[in-house]
Number of protein chains: 2
Amino acid sequence: MRLKKISGAVVRRLPIYLRVLDELARDGAKELVSSQELGERAGVSPALVRKDLAWFGEFGKQGVGYDVEHLRTELRRILHLDRDVPVALVGVGSLGAALVRYFRRRYVADPGFHLNIVVLFDADPAKQGETIEGVPVEPPERIPERVKELGIRMAIVTVPAEAAQSVVDTLVASGVRLLFNFAPVKLAVPKDVHIVHADLSLELQRLAYYLED
Amino acid sequence: MRLKKISGAVVRRLPIYLRVLDELARDGAKELVSSQELGERAGVSPALVRKDLAWFGEFGKQGVGYDVEHLRTELRRILHLDRDVPVALVGVGSLGAALVRYFRRRYVADPGFHLNIVVLFDADPAKQGETIEGVPVEPPERIPERVKELGIRMAIVTVPAEAAQSVVDTLVASGVRLLFNFAPVKLAVPKDVHIVHADLSLELQRLAYYLED
DNA sequence: TAGATTGTTAATCGATTAACAATC
DNA sequence: TAGATTGTTAATCGATTAACAATC
């Protein structure tokens, strides 16, 4: 039940807070954390930490701080990371394959990481039937069928730029609503579909701006 | 000569404009582009396009628009993408190797893409001496020496989280000022060092927020 | 109780949009 | 010239910070 629309800037910080809480829980030194310390570790001001969390409820105790375990549980719930989320990846080139390894290993090693790549798609027949980290590669024609079977609502797109829009259309038509796109193109999607762009070339180019002359 | 400090939000949009101009130049249909069309293709309002560009000079003609080739040249210059920029990559795991392939192929295929990965470093002796896309892998001990020899001011960091801070310290001490970091940690660096974080797990986790309940 | 820290409101800051005179 | 579009200023919007009463 979300009363107000939470801004993207706030949502972007939630996983950072969660990561800090995971570290605090792992080190186990303290059961409580203040907005001061949480902010310091997350790279955010204490006031903003309190304001961000207050959108979702009253998780702290005045004069005391936040209970690490409790806040962790709440943040996991808010982020829907309290249960497994099946994810598809389309485009098993070197970047796609690297991401499968990266996320699958994380999933296996970390019981708190509920994002699970369960199926891969690639148009290259030579790759179909292969597995990467135990996950099978299937032909793109099977996207609608498999997405429905597996209840997939999130997908990673690592196909070449020319193929991206058509792959995304198929994914969206099949019911996928959350996309993590690595193709260097602007994608057209319905308003209820969320896209995060990881445009690595743009990021590297933007760094070049800061080269001193 | 930069009179005002340009905000990060503006800098982030410059490579997007450049990409749109590259597309327009490739298609070759028009020599002129309006802030209206440039904005539409870049996903930005026309007013913001004009305001962003105006920070750097007067590139347009009233009543006419912007000359595609001229604006392209100017943006390349502003972004320091008018000449080759040598880049190092540290951490040749599957993600690092995938990025080398991705960026090297782009560099070879696209004469306008001046970001060139010229040296790789990895602590694994089994990888040292290997090459990826023709680029040699060397031991991290050689970072200071090679960075100086090659005049490197930009590096991509794809080492495990535990190793990231120490690698970054070495890079910075060797003269690197621009970092593209894929390790899921906050890094401490001097004020004159610029970091772009590509924290892929955080991005995927933030998408999960939008899973409907 | 006294000290600490939250949750929240008001003030500030910065970025985007609207509007329009200048001018091609 | 008339129409179009820039460059720029003022208005608006949204996000962050400062401040503090509430309260543990």
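Treat the numbers as computed from the prediction; the structure is a model and nothing was measured.
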B:F113 vs B:F103 aromatic rings, parallel, tilted or perpendicular, using cut-offs 30° and 60°? parallel

Want to settle it: does B:G60 or A:V64 sit nearer the 5' end of DNA chain D, counting the closest nucleotide to each? B:G60

With a 6.0 Å cut-off (strictly less than), is the heavy-atom count around NZ of A:K186, excluding the residue itself, greater than 12? yes

Each stem that DNA chain D is part of, given as range with range (3 or more consecutive Watson-Crick or G-U pairs, under 3.5 Å): C:3-24 with D:3-24

Could you label the plane-to-plane angle of the B:Y210 and A:H194 rings as parallel, tilted or perpendicular, counting under 30° as parallel and over 60° as perpendicular? parallel

Polar side-chain atom of A:E69 near backbone of A:A25 as donor-acceptor pair, under 3.5 Å: no

Go through B:S94 and A:R101 one step at a time and tell me if the side-chain hydrogen bond (donor to acceptor under 3.5 Å, both in side chains) criterion holds. CA-CA 8 Å; B:S94 61; A:R101 291 195 186 94; 4.6 Å; no

Flag the pair A:E37 and A:R41 as a salt bridge only when some basic side-chain nitrogen lies within less than 4.0 angstrom of an acidic carboxylate oxygen. yes

Can you confirm whether more than 12 heavy atoms, excluding those of B:K148, are under 6.0 Å from its NZ atom? yes

B:H114 side-chain N/O to B:V85 backbone N/O, donor-acceptor pair under 3.5 Å: no

5' to 3' contact window, DNA chain C with chain B (heavy-atom distance under 4.0 Å): C:dA15 to C:dC24

Shortest non-hydrogen separation from B:F180 to B:A198 and the atoms involved: CE1-CB, 3.6 Å

Show the nearest heavy-atom pair for residues B:R19 and A:D199, with the distance to one decimal. NH1-OD2, 2.7 Å

Can you list, in residue-number order, the parts of residues 10-34 of chain B that come under 4.0 Å of DNA chain C, counting heavy atoms only? B:R13

